[in-house]
Amino acid sequence: MTTTGEEPERAFDHSEVESRWQSAWDEADVFRIDDDATDPEYVLAMFPYTSGQLHMGHVRNYTITDAFARFERMRGEAVLHPMGWDSFGLPAENAAEERDTNPRDWTMQCIDQMRDQFVEMGFGYDWEREIATCEPEYYQWNQWLFKQFREAGLVERQAAELNWCPSCETVLADEQVEEETHDDGAVDVCWRCDTPIDHREMDQWFLTITDYAEELLDALDDLDGWPNNVREMQRNWIGRQEGASVAFEVGEYGDVDIFTTRLDTIYGATYFSLAPGHPVAQQIAEDNDEVAEYIEMAAQADEDELDVTSGVFTGEYATNPATGDAIPVYVADYVLTDVGTGALYAVPAHDDRDHEFAEHHDIDIQQVIEPADDAAVDPEDVDVQAEAYTEDGILVNSGEFDGLTSVAARETFVSEFHGEHRTEYNLRDWGISRQRYWGTPIPMIHCEDCGYVAVPDEDLPVELPEFVHTTGNPLDAAEEWKQTRCPDCGTDATRETDTMDTFVDSSWYFLRYVSPDLDDAPFDTDRASDWLPVDRYVGGIEHAVMHLLYARFFTKVIDDIDLLAGVREPFVNLTNQGMVLGENGNKMSKSRGNGVSPQRLIDEYGADTARLFIMEAAQPEKEFAWSPEGVQSAHSFLQNIYRLTEAFAAGDITFDAESTDIADYVDREIDATAARATEEYEQFRFNHALQAVRELVSLLRRYREATDPDRATFERGLVTAAKLLAPVAPHVGEELWDHLGADGLIVEADWPSADAPVDYETERRLVENTREDVRDIIDTVGIDAPQTITLAVAPAWKHEVVSIAREADNVVPAVMQNQDLQQYGEAAADFAKTLAGRANIDEHLAPERELAALERASWLVAREFDTEVVVQSADDADDTLASQAEPGRPAIDISE
RNA sequence: GCGAGGGUAGCCAAGCUAGGAAACGGCGGCGGACUCAAGAUCCGCUCCUGUAGAGGUCCAAGGGUUCAAAUCCCUUCCCUCGCACCA
């Protein structure tokens with residue numbers, strides 16, 4: 001125990017309790033799921049990178065999935081809730097260097113450490129399905145899948161200018177390059193070490209994800225279970241532009257294709273521009289020193305160093321197919337080699353960049369689009385010499401096409417100028433080569449005669465050799481490993497020394513859980529087709545593009561090569577959990593010194609306190625700040641519910657066998673709580689569900705204080721609270737369950753049935769309003785010691801009037817025409833008039849139901865004012881009093 | 001610049017998709033019960049006014065639709081995030 005003298009005695013010792021139940025779950029195999037289960041609920045958290053350090057983000061992420069998995073399990077679902085280790089990657093190499101060990105030993109040690117912590121947190125995983133991507137049993141299937149992709153024509157070896165991190169000494173995918181802004185502009189840096197990146201030309205293995213660009217984009221529309229921002233980020237990343245390509249004849253170099261989304265502006269093209277990397281620009285450079293220098297300079301320049309006006313005239317001219325004019329050809333850095341065709345015609349009048357460039361280089365600006373009649377801008381106000389007009393409009397100065405709309409012109413011009421419709425994507429192919437050791441060896445062999453040859457299946461896996469400490473790529477230094485024979489011709493050959501991007505590992509791991517020990521295929525196709533897609537996927541927003549896009553790509557390819565039967569998307573519902581901020585509301589970080597160690601929290605307060613605090617703090621998507629008060633509050637709640645249950649179990653509570661109105665009230669609240677908590681769990685709003693549980697426990701305490709409770713009702717309340725709490729605080733849940741003398745484990749118990757009581761909301765409103773009115777009167781009048789509070793329900797005829805009034809358009813005549821109400825004459829008419837003046841008439845209970853509701857709730861009023869409360873029907877009540885009552889608003893009399 | 005999501009009482013934060021009660025809950029603050037006292041627990045209050053349940057003003061700002069708007073529509077301002085020399 002770590003209790004200090006200042007703190008109250010703890011009701012139980014969390015470390016003893018928690019480890020005891022963890023063993024019990026383990027022995028009862030409660031988290032194991034049979035291979036023959038049919039379409040289980042697949043609940044998955046993004047598996048952790050094996051840094052060895054569990055942080056609050058992990059705790060939150062895994063508590064969310066664990067609580068939801070436990071909830072579904074109690075509801076009777078078969079649940080697949082596995083865990084594994086994203087265990088390849090550069091940090092392990094760095095750690096190995098620092099600690100004079102090797103990546104494997106380091107990683108394995110991290111895994112053991114993290115697994116222990118997960119167990120301590122009470123996370124219920126099917127550990128028999130545990131996987132680690134750094135094991136040959138796993139990564140051999142990366143290699144096998146790579147070959148399958150290759151056979152499907154989805155692997156290419158391309159020379160490409162690549163992002164190179166000089167510090168990590170490796171190539172980075174576009175996705176791994178981040179922009180860092182400084183005072184003097186932006187710099188591209190390595191996502192891992194923040195070192196500014198270089199560019200290098202190298203041969204690399206690519207997966208042609210661009211072949212799937214269209215489906216990856218279109219299918220986003222149907223991913224309703226994904227957050228909008230993630231879908232939008234992927235749309236952005238894939239970046240589709242609908243346009244057209246048209247050829248311009250460039251001097252002696254022949255036709256050069258351009259891509260444009262604004263073919264309607266072609267008559268306004270007054271110059272032509274090539275990217276520095278465009279083949280024709282390179283050709284021109286051979287005879288033109290000025291162009292050559294410019295291209296060289298542009299290649300050296302940092303991102304953003306050259307502005308839009310940077311460029312050089314080549315001395316060449318292109319022919320505008322629309323006007324027949326010869327327009328000057330420039331090489332300009334703002335034209336990007338890998339966007340479109342790397343060449344464009346420029347229309348200064350209708351494009352901001354072209355406009356700026358033209359001004360700087362003194363090129364003609366020719367207007368060809370005017371605002372349409374219905375545009376917000378008057379054509380007179382448009383001065384393209386001053387500023388580009390970039391909206392669509394009506395063509396002018398475009399020969400016979402004047403008067404066409406932009407939309408029509410774009411269509412017409414495609415055939416007119418022998419172009420073609422074309423769709424371009426920003427998405428680039430996925431370069432997976434990494435010049436590092438701790439990853440999956442790419443299963444290729446280079447033979448002088450045969451070129452690149454895949455390692456035959458029977459020779460897989462290509463296992464990593466022993467790690468050697470070296471400055472370069474350790475695989476390159478492993479001479480013995482490198483030397484092999486060509487599978488085709490048998491002559492000496494060398495192995496590929498690059499390893500795969502670790503995002504390959506995580507692109508299909510969710511399939512491996514289905515059959516983790518299978519040794520003749522990556523996963524069981526039938527079972528995977530039944531168990532997938534993942535029903536609930538939870539992880540950080542940082543994976544919005546990379547991991548989630550690659551995983552979608554892999555799933556589609558795997559389905560296309562018939563390893564899956566009709567699974568096009570891996571994750572149906574996605575939740576990105578928010579950050580856990582430091583106490584001051586800032587990001588937790590070492591430099592700020594505001595980090596909180598999960599381990600210390602577990603030691604001090606126990607896993608359940610940590611879990612409860614995190615889940616109560618906010619909805620999963622929202623960030624929240626760490627709060628010692630919140631932790632304390634969660635802890636004392638657990639202690640309190642424990643004490644209450646213990647008192648019940650120990651026979652410290654006196655019960656009264658007679659059924660009472662109070663018991664009826666409590667019974668209804670129990671049902672309402674179960675209903676509400678169930679809905680909130682389903683909606684992933686754990687904080688709301690937990691709030692309901694707290695309210696129920698508080699009610700049970702008040703119940704006990706107010707009277708000798710009914711035993712069955714009180715017990716049912718405790719059982720319900722324990723069950724509703726169990727997914728979030730499972731150890732305490734078991735302990736409560738045990739005290740309540742129930743059979744088996746709460747983790748396997750049935751979820752409480754969840755129908756809200758009849759008229760619950762209306763009744764609650766009636767009771768709350770009445771209590772407030774009583775308070776209001778006592779307060780306003782200044783009554784010190786009320787003797788008796790009398791509540792009288794309105795007579796049945798008034799209820800009838802209200803019912804009629806709710807339906808009728810014209811209240812007073814409708815009421816007066818009613819035969820039954822005529823006997824109440826004047827009174828009925830007056831009441832009808834009152835109601836007619838109201839904008840809205842609330843729902844109300846029938847008189848006998850209203851009476852019963854008030855009788856059930858009267859103990860709350862009696863308790864609050866320490867007084868007698870009498871609830872009367874209209875017949876029993878004094879006439880004057882009863883006449884003041886309305887449906888939903890009993891008359892109140894307070895005597896001193 | 002483009003896109004996504006937001007702005008609710010001292011603070012945090014529900015409600016907004018399906019318009020109908022000054023607007024759930026928590027923290028903080030105030031008062032009361034219990035207690036020798038503190039803590040824990042319990043009962044209230046916490047926009048303004050009010051000696052019988054009332055009235056007034058409210059959900060970034062302004063306008064509109066409606067019997068009725070925090071909720072729907074328009075405009076403006078501000079915040080957070082993502083993308084961005086993308087032709």
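Only heavy atoms go into these numbers, but all of them, side chains included; no hydrogens, no water, no symmetry mates.
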Pairwise [atom1] distance for [N] and [M], with rounding to whole Å:
N      : M      : atom1 : value
C79(B) : C85(B) : P     : 23 Å
A22(B) : U71(B) : C1'   : 16 Å
A69(B) : G20(B) : P     : 11 Å
A52(B) : G15(B) : P     : 38 Å
A70(B) : U8(B)  : P     : 16 Å
G62(B) : U46(B) : P     : 26 Å
C67(B) : U76(B) : P     : 28 Å
A40(B) : U35(B) : C1'   : 11 Å

Inset, instruction - Flag the pair Phe357(A) / Tyr271(A) as yes when their ring centroid distance falls below 6.0 Å, and as no otherwise. - result: yes

Inset, instruction - Indicate, with yes or no, if the rings of Tyr642(A) and Phe12(A) have centres closer together than 6.0 Å. - result: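 They qualify: ring centres under 6.0 Å apart.
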
Heavy atoms under 4.0 Å, any strand shown: does [X] hit a base, just sugar-phosphate, or nothing?
X         : answer
Asp893(A) : base
Pro628(A) : nothing
Ile894(A) : base
Arg235(A) : nothing
Asp333(A) : base
Thr261(A) : sugar-phosphate
Val774(A) : nothing
Arg771(A) : sugar-phosphate
Asn769(A) : base
Arg701(A) : sugar-phosphate

Legend entry - Heavy-atom donor-acceptor pair, Asp773(A) side-chain to G53(B) base, under 3.5 Å: yes

Inset, instruction - Give a yes or no on whether a donor-acceptor pair under 3.5 Å exists between the nucleobase atoms of C85(B), that is its base, and the side chain of Asp352(A). - result: no

Inset, instruction - Go through the steps for Tyr681(A) and Phe686(A) under the test ring-ring contact (aromatic ring centres under 6.0 Å, His included), then give the verdict. - result: CA-CA 6 Å; Tyr681(A) 267 106; Phe686(A) 306 99; 5.7 Å; yes

Could you tell me how far apart [X] ([atom1]) and [N] ([atom2]) are, to the nearest whole angstrom?
X         : N      : atom1 : atom2 : value
Ile238(A) : G82(B) : CD1   : P     : 18 Å
Phe637(A) : C27(B) : CZ    : C1'   : 18 Å
Asp354(A) : A87(B) : CG    : P     : 11 Å
Ile789(A) : C43(B) : CD1   : C1'   : 14 Å
Asp776(A) : A22(B) : CG    : P     : 15 Å
Glu542(A) : C83(B) : CD    : P     : 13 Å
Tyr703(A) : C42(B) : OH    : C1'   : 18 Å
Leu791(A) : G53(B) : CG    : P     : 16 Å

Inset, instruction - Decide if atom CD of Glu387(A) counts as having more than 12 heavy atoms of other residues, nucleotides or ligands within a radius under 6.0 Å. - result: no

Inset, instruction - Using a cut-off of 6.0 Å, state whether more than 12 heavy atoms not belonging to Asp224(A) lie near its atom CG. - result: yes

Under a plain distance cut-off of 3.5 Å, with no hydrogens placed, do [Y] and [X] share a side-chain donor-acceptor pair?
X         : Y         : result
Asp354(A) : Tyr334(A) : yes
Thr309(A) : Glu356(A) : no
Thr210(A) : Asp429(A) : yes
Arg771(A) : Ser858(A) : no
Tyr425(A) : Gln241(A) : no
Glu695(A) : Gln691(A) : yes

Legend entry - Minimum side-chain heavy-atom gap Thr265(A)-Phe413(A) below 4.5 Å: no

Sub-3.5 Å pairs of nitrogen or oxygen atoms, protein against nucleotides 10-14 of chain B:
residue : atom : partner   : partner atom : Å
A14(B)  : OP1  : Lys622(A) : NZ           : 2.9
A14(B)  : OP2  : Lys622(A) : NZ           : 3.4

Among [options], which nucleotide sits nearest the side chain of [X]?
X         : options                : value
Glu864(A) : C24(B), C43(B), A54(B) : C43(B)
Gln241(A) : A54(B), A87(B), C24(B) : A87(B)
Thr780(A) : U51(B), A87(B), G53(B) : U51(B)
Glu705(A) : C45(B), A52(B), U41(B) : U41(B)

Legend entry - Closest-nucleotide 5' rank along RNA chain B - winner of Thr770(A) and Arg775(A):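 Closer to the 5' end of RNA chain B: Arg775(A).
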
Legend entry - 5′-ward residue of the pair Gln884(A)/Asp779(A) relative to RNA chain B: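 Result: Asp779(A).
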
Inset, instruction - Quick one, give me the B/S/- string for nucleotides 1-6 of chain B, reading 5' to 3', where B means a protein heavy atom under 4.0 Å from the base and S means that only happens at the primed atoms, P, OP1 or OP2. - result: --SSS-

Legend entry - Distance-minimising heavy-atom pair for Ile369(A) and Glu391(A):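 In terms of heavy atoms, the two residues are closest at CG2-O, 3.9 Å.
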
Inset, instruction - Both distances under 3.5 Å, Watson-Crick or G-U wobble: on that basis, could you give the dot-bracket string for RNA chain B, with [ ] for crossing pairs and | for other-strand partners? - result: ((((((((.[[[..)....(....]]]((((((.......))))))(((....)))...[[[[[..)....]]]]])))))))....

Inset, instruction - Please assess Phe613(A) against Phe624(A) for the test ring-ring contact (aromatic ring centres under 6.0 Å, His included), listing each intermediate value before the final yes or no. - result: CA-CA 11 Å; Phe613(A) 162 64; Phe624(A) 70 87; 5.8 Å; yes

Legend entry - Any donor-acceptor pair under 3.5 Å from Tyr345(A) side chain to Val246(A) backbone: no

Legend entry - Distance test, side-chain N/O of Arg704(A) to OP1/OP2 of U41(B), below 4.0 Å: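 No, Arg704(A) has no side-chain N/O under 4.0 Å of OP1/OP2 on U41(B).
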
